[in-house]
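In what follows, every chain begins at residue 1, and chains take the letters A, B, ... in the order their sequences are listed.
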There are 2 protein chains.
Amino acid sequence: MSVQERKQRERAERERLIVATARELAEKQGWDAVTTRRLAERIEYSQPVLYSHFRGKREIIGAVALDGATEMAEAVRAATSAADGPRARVSALARAYLDFAERNPAVYEALFDLDGGLAFAREDTPAPLKDAFAALLETLGEVAGDGVEPGLFTEVFWAALHGLATLTRAQRLLPELAERRVELLVDRLAVV
Amino acid sequence: MSVQERKQRERAERERLIVATARELAEKQGWDAVTTRRLAERIEYSQPVLYSHFRGKREIIGAVALDGATEMAEAVRAATSAADGPRARVSALARAYLDFAERNPAVYEALFDLDGGLAFAREDTPAPLKDAFAALLETLGEVAGDGVEPGLFTEVFWAALHGLATLTRAQRLLPELAERRVELLVDRLAVV
DNA sequence: TCGATTGTCTAGCGGTGCTAGGATCGAGTC
DNA sequence: GACTCGATCCTAGCACCGCTAGACAATCGA
């Protein structure tokens, strides 16, 4: 059985390589540059090998997105746990979220703009996505205000962050106002 | 000169036809279905004719986006002018915005998700885009609150709406909370 | 050692955005 | 009214895309 185990290990390793390479290529040259041919060349295998790991390009994007969701949840939790008081935590959350989106544009794109074939807000939502939302909920739930459901408040706050992230990336907002936008958002939305 | 004028008129008419057909096709079957071949077939001309009007597919998407911006500005102004008082106007604006995004998903996509080669938040921003932002500013400026610049407040409110619009379209939010999300957003952000 | 299974590759299909170059047509001139 | 010539449009084709069938080689179990 040892031989089979080794092969399985190698296969899993190659799958990680595919996802990591796709992500790297996307961050460096944009998702348009991530073609199955180029990806195959980078991992030094032929094109059809990709299809023995994933059903298609969509699924590869989805895999990058799931990795990203896990990382984003970690980043948010790390930032909020280092802050004192609800106000500081919300502020840290907002900055961590926007910072992640800005530092990993291709991953953020995979998560929200591209079709990675992922389910959301449903029963069959993948665990990393649920957990990323949970990470937001943990901090935002405590500043929802009286009579407002934590889930509802989190959706609205998250939508606002998402809007800022995407419009910023698309250069549709004035760069010099970035910091004040975050402050205004936190001040108005959060009840502390 | 009359012949030349007629030709110019016909050419402008054909250009409108291209944009209208692209939009219609995108709304019915999604932007993926809008290929230069299919578009050419629909307007009953050969493919290269498209390139005598636009530099490429990107520019066609951009043209659809500009049309959409004009319509959205109209929709927002119509909704706000029919409402009494600042609170009602902001609420009407939010609903009109989200309604437009939901009713014209392909146009909204062309405006904000796809690359239509348009400039934003800069000097060379096309007039319809500036005007659409101005339409938001007219109503939102009066509820920015003391010491908050209207432009800054409008950017934040707009980002929140944009986030709601895109996350809703991507089915990432709970549908049954839609109405309460808008109410919460307006209540918290606007100073009335 | 041999057959079967697994793994990988080459080659190719139908599609994409885009363009070069030739045919056609019609306006302006003699 | 015939002719020239420029504008207009189309056919054909390029390089690339995602994806897959089928040939081939390596490895496994008997």
*Residues in side-chain contact (heavy atoms from CB on, under 4.5 Å) with E74(B), at least two apart?*
T70(B)
*Only counting residues at least two apart or in another chain, list the ones meeting side-chain contact (heavy atoms from CB on, under 4.5 Å) with E109(B).*
W31(B), D113(B), L114(B), R169(B)
*Touch check for R38(A), heavy atoms < 4.0 angstrom, all strands: base, sugar-phosphate only, or nothing?*
sugar-phosphate
How many whole angstroms separate atom [atom1] of [X] from atom [atom2] of [N]?
{"X": "K57(B)", "N": "dC16(D)", "atom1": "NZ", "atom2": "P", "answer": "19 Å"}
{"X": "L39(A)", "N": "dG18(D)", "atom1": "CG", "atom2": "P", "answer": "9 Å"}
{"X": "Y45(A)", "N": "dT8(C)", "atom1": "OH", "atom2": "P", "answer": "6 Å"}
{"X": "E44(B)", "N": "dC10(D)", "atom1": "CD", "atom2": "C1'", "answer": "15 Å"}
{"X": "D32(A)", "N": "dT16(C)", "atom1": "CG", "atom2": "P", "answer": "16 Å"}
{"X": "I60(A)", "N": "dC19(D)", "atom1": "CD1", "atom2": "C1'", "answer": "11 Å"}
{"X": "E10(A)", "N": "dA26(D)", "atom1": "CD", "atom2": "P", "answer": "16 Å"}
{"X": "F54(B)", "N": "dT19(C)", "atom1": "CZ", "atom2": "P", "answer": "15 Å"}

*Is the ring centre of H162(B) less than 6.0 Å from the ring centre of Y108(B)?*
yes
*asked:* Any residue in residues 14-30 of chain B with a heavy atom nearer than 4.0 angstrom to DNA chain D? Just list them by number, or reply none.
replied: R14(B)
*Could you identify which residues of residues 46-53 of chain B place a heavy atom less than 4.0 Å from some atom of DNA chain C, listed by residue number, or say none?*
Q47(B), P48(B), Y51(B)
Let me check something: any side-chain donor-acceptor pairs from residues 58-68 of chain B under 3.5 Å, sequence neighbours excluded? List them with distances.
residue : atom : partner : partner atom : Å
R58(B)  : NH1  : D115(B) : OD2          : 3.2
E59(B)  : OE1  : R55(B)  : N            : 2.9

If only side-chain N and O atoms of [X] are considered, is one of them under 4.0 Å from the OP1 or OP2 phosphate oxygen of [N]?
{"X": "R37(B)", "N": "dG17(C)", "value": "no"}
{"X": "R11(B)", "N": "dT8(D)", "value": "no"}
{"X": "T36(A)", "N": "dC19(D)", "value": "no"}
{"X": "R55(B)", "N": "dG17(C)", "value": "no"}

*So does R14(B) pair up with E10(B), basic N to acidic O under 4.0 Å?*
no
Residues two or more places apart in sequence or in another chain: which of them pass salt bridge (Lys or Arg N to Asp or Glu O under 4.0 Å) with [X]?
{"X": "D84(A)", "answer": "none"}
{"X": "E13(A)", "answer": "R16(A)"}
{"X": "E27(B)", "answer": "none"}

*Which residue pairs pass the salt bridge (Lys or Arg N to Asp or Glu O under 4.0 Å) test with at least one member in residues 143-152 of chain A, sequence neighbours excluded?*
E149(A)-R180(B)
